[in-house]
Number of protein chains: 2
Amino acid sequence: MNIYDIARLADVSIATVSRVVNDSPKVSEKTKQKVRAVMEEQNYTPNVFARGLGLNSMKTVGIVCPDVSDAYMAEAVAYLEKSFRNYGYDCILYCSGYEYESKVKSVQMILRKKIDALVLVGSHYAGDGGEEDIRYLSEAAEKAPVFLINGYIRCPGVYCVLSENYQIMYDTVCALTEAGRQRILFLYDSHSYSATQKLSGYEDALRDNGLPVVEELKIFTENKIATVRENLLSKEGLSFDAVVATDDGLAVGALKYANKKQLRVPEDVNIVGFNNSELAVCCEPELTSVDSRSDALCKTAADSLMQLLEGKSIRHKRSIRCHLIKRGTTNF
Amino acid sequence: MNIYDIARLADVSIATVSRVVNDSPKVSEKTKQKVRAVMEEQNYTPNVFARGLGLNSMKTVGIVCPDVSDAYMAEAVAYLEKSFRNYGYDCILYCSGYEYESKVKSVQMILRKKIDALVLVGSHYAGDGGEEDIRYLSEAAEKAPVFLINGYIRCPGVYCVLSENYQIMYDTVCALTEAGRQRILFLYDSHSYSATQKLSGYEDALRDNGLPVVEELKIFTENKIATVRENLLSKEGLSFDAVVATDDGLAVGALKYANKKQLRVPEDVNIVGFNNSELAVCCEPELTSVDSRSDALCKTAADSLMQLLEGKSIRHKRSIRCHLIKRGTTNF
DNA sequence: ATGAAAGCGCTAACAG
DNA sequence: CTGTTAGCGCTTTCAT
């Protein structure tokens with residue numbers, strides 16, 4: 001059942017059928033009715049490939065993230081997918097993994113699908129590296145507009161939406177010091193753009209409050225609760241009175257450590273997580289955590305993207321303020 | 001840069017270029033070399049639409065799930081995506097929501113994309129309903145093979161892979177009764193196929209152990225930790241000495257309730273969750289939970305699907321055994 | 001082993 | 001307002 005069949009049955013030309021399908025204003029209402037009736041009756045749906053061939057677009061946006069099974073990314077992908085669907089776009093998904101090589105390959109692969117835009121979820125695509133490392137992104141941007149969710153690079157065709165991780169981390173550490181905390185542990189699990197921002201916020205806040213930045217208090221570890229706990233347990237003579245982490249999983253690991261060490265939370269040690277995930281309300285006591293506003297982030301990105309695809313021009317960088325959600329692991 | 005350009009530059013016909021692209025055996029090795037060199041040099045990649053038009057396939061599988069931000073589904077989608085990619089297939093993702101109408105619509109929409117196969121994640125697609133309710137699935141199966149991950153319907157063209165939820169729930173409840181538990185709470189949040197299976201396992205185990213099936217002990221609630229806790233708290237005179245839940249979130253809610261009520265876990269009440277998610281190791285004490293083997297489930301589905309697409313015939317139904325992972329919320 | 005040419009189903013420019 | 005027609009880029013007979 002193709003456009004020719006419909007045209008024949010409706011006794012019009014294929015051009016008219018095409019116009020009806022695309023709801024062109026220059027078809028008489030009467031003809032539209034007639035053609036629509038036939039289409040319904042025949043249960044006709046246009047061939048997306050043929051249409052794609054002609055238009056060189058299939059109304060699809062590519063989404064790439066390191067790993068959708070991560071809670072933060074899953075939430076973002078879910079939100080983005082919903083938004084794009086509302087705008088009439090489909091999503092094709094690539095999970096790229098965290099390695100540089102596989103990220104580059106994923107981006108290249110997905111670009112072959114003639115996507116209308118590319119969205120990179122998570123700050124792992126605008127990482128530690130220098131010019132060379134983001135070459136693949138600027139190349140990608142030549143083929144389709146690129147959106148970074150929570151990442152930032154300065155490059156034409158690449159649009160960035162980010163949460164103000166530096167600021168919230170700075171503010172949080174300040175609050176901690178004002179509450180009298182002196183040895184604040186910083187737990188992180190990646191060198192991504194956002195992790196780097198958070199680290200800067202932490203360090204600057206310490207300095208601005210006259211506290212030293214102690215290397216032993218910056219701990220890089222795998223983001224698994226049990227691993228974090230064991231990791232901390234294995235460190236001789238480690239002592240701290242507060243913890244800030246770049247993700248809730250890390251913070252819960254620290255909480256488990258505190259429980260094991262019989263440290264009282266929040267009296268002896270304050271703990272602050274990040275992302276305000278379900279883990280935060282699962283542990284005991286419940287975790288104070290930063291709401292990174294991924295929904296607002298994704299909404300902004302999706303809306304901007306659609307504006308762009310509709311021909312409007314948009315800002316290269318937009319940022320979203322984070323909120324600290326206080327719960328039982330802090331007493332400030 | 002299209003096939004004509006390459007043909008001209010390599011001084012061959014487009015047919016030959018096409019054959020080289022598809023690695024046809026009837027092109028001389030010498031010609032292949034020559035053409036490949038030009039393709040590399042020009043950085044040529046075939047137009048997927050044109051190819052799709054001719055072959056009526058774009059090597060894509062459609063994945064539909066109610067909500068990727070759910071941990072279970074996210075993990076499944078991640079696994080499936082990886083598998084299909086390895087087999088050279090791309091994934092297009094639709095999040096259908098939980099409502100019947102939107103599920104039907106999602107399936108219909110994604111089928112228009114001429115996907116090579118359709119995978120439905122989560123048992124919500126083969127729910128409570130009767131014949132009529134799954135009509136959309138049998139119709140879908142006429143257009144592309146359909147795979148149900150953890151759902152089961154008897155229908156040509158629909159292939160099912162499921163975990164043995166009935167059995168593990170039956171076994172678990174038996175173990176609980178053998179440990180002397182008499183009033184076992186059943187917490188669930190959906191009427192999906194797998195929830196129904198779990199409920200049957202629970203009821204049968206009670207009966208087979210001479211215990212009554214008490215309606216008040218079967219509690220249907222939203223799957224949010226705080227909600228579950230409040231829900232239980234609001235019930236006057238509720239008493240139980242064990243809990244089995246269809247998901248970890250529910251179980252943690254019960255745990256929060258027990259903590260609040262000063263009930264000792266596991267001495268006064270045993271708690272068993274489902275899906276062995278990160279929540280299970282986040283709470284205190286850690287949660288005994290059923291490993292539903294979603295990785296094995298997805299592997300089986302992905303492999304079978306690929307077999308089918310390669311023309312082999314496969315089984316309509318395959319099932320995977322679950323495992324109980326014991327942690328601190330049980331003492332049997 | 002290679003080439004010429006006929007589609008695949010649709011869109012859009014052009015003509016009326 | 002409607003029809004005719006030329007592509008879009010690739011695959012695939014059918015010749016050679």
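By convention in this document, chain letters (A, B, ...) are assigned in the order of the sequence lines, proteins followed by strands, and residues within each chain are numbered from 1.
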With sugar-phosphate meaning primed atoms plus P, OP1 and OP2, does Y4(A) contact a base, only sugar-phosphate, or nothing at under 4.0 Å between heavy atoms? base
Nucleotide dG9(D), atom P - distance to CZ of F49(A) in whole Å: 17 Å
In whole angstroms, the gap separating P of dC8(D) from CE of M58(A) amounts to 20 Å
With ring centroids as reference points, do Y159(B) and F147(B) lie under 6.0 angstrom apart? yes
Would you call E81(A) and R85(A) a salt bridge, using N to O less than 4.0 angstrom? yes
Any base atoms under 4.0 Å from S28(B), or only sugar-phosphate, or nothing? Heavy atoms, all strands. sugar-phosphate
Tell me what N22(B) touches on the nucleic acid: a base, only sugar-phosphate, or nothing, going by heavy atoms under 4.0 Å. sugar-phosphate
One thing to verify: whether D23(B) and K32(B) come together as a salt bridge, which I'm taking to mean a side-chain N less than 4.0 angstrom from a carboxylate O. yes
Separation of I6(A) atom CD1 from dC10(C) atom P, in whole Å? 9 Å
Could you tell me whether L55(B) contacts a base, only the sugar-phosphate backbone, or nothing, with contacts defined as non-hydrogen atoms closer than 4.0 Å? sugar-phosphate
Rounded to whole Å, please give me the gap between CD1 in I14(A) and P in dC8(D). 16 Å
Students often get this wrong, so: under 4.0 angstrom with heavy atoms, is V21(B) touching a base, only sugar-phosphate, or nothing? nothing
D90(A)/K113(B) salt bridge by N-O under 4.0 Å criterion: yes
Assign each of A50(B) and K26(B) to its nearest nucleotide of DNA chain D by heavy atoms, then name whichever residue's nucleotide is nearer the 5' end. A50(B)
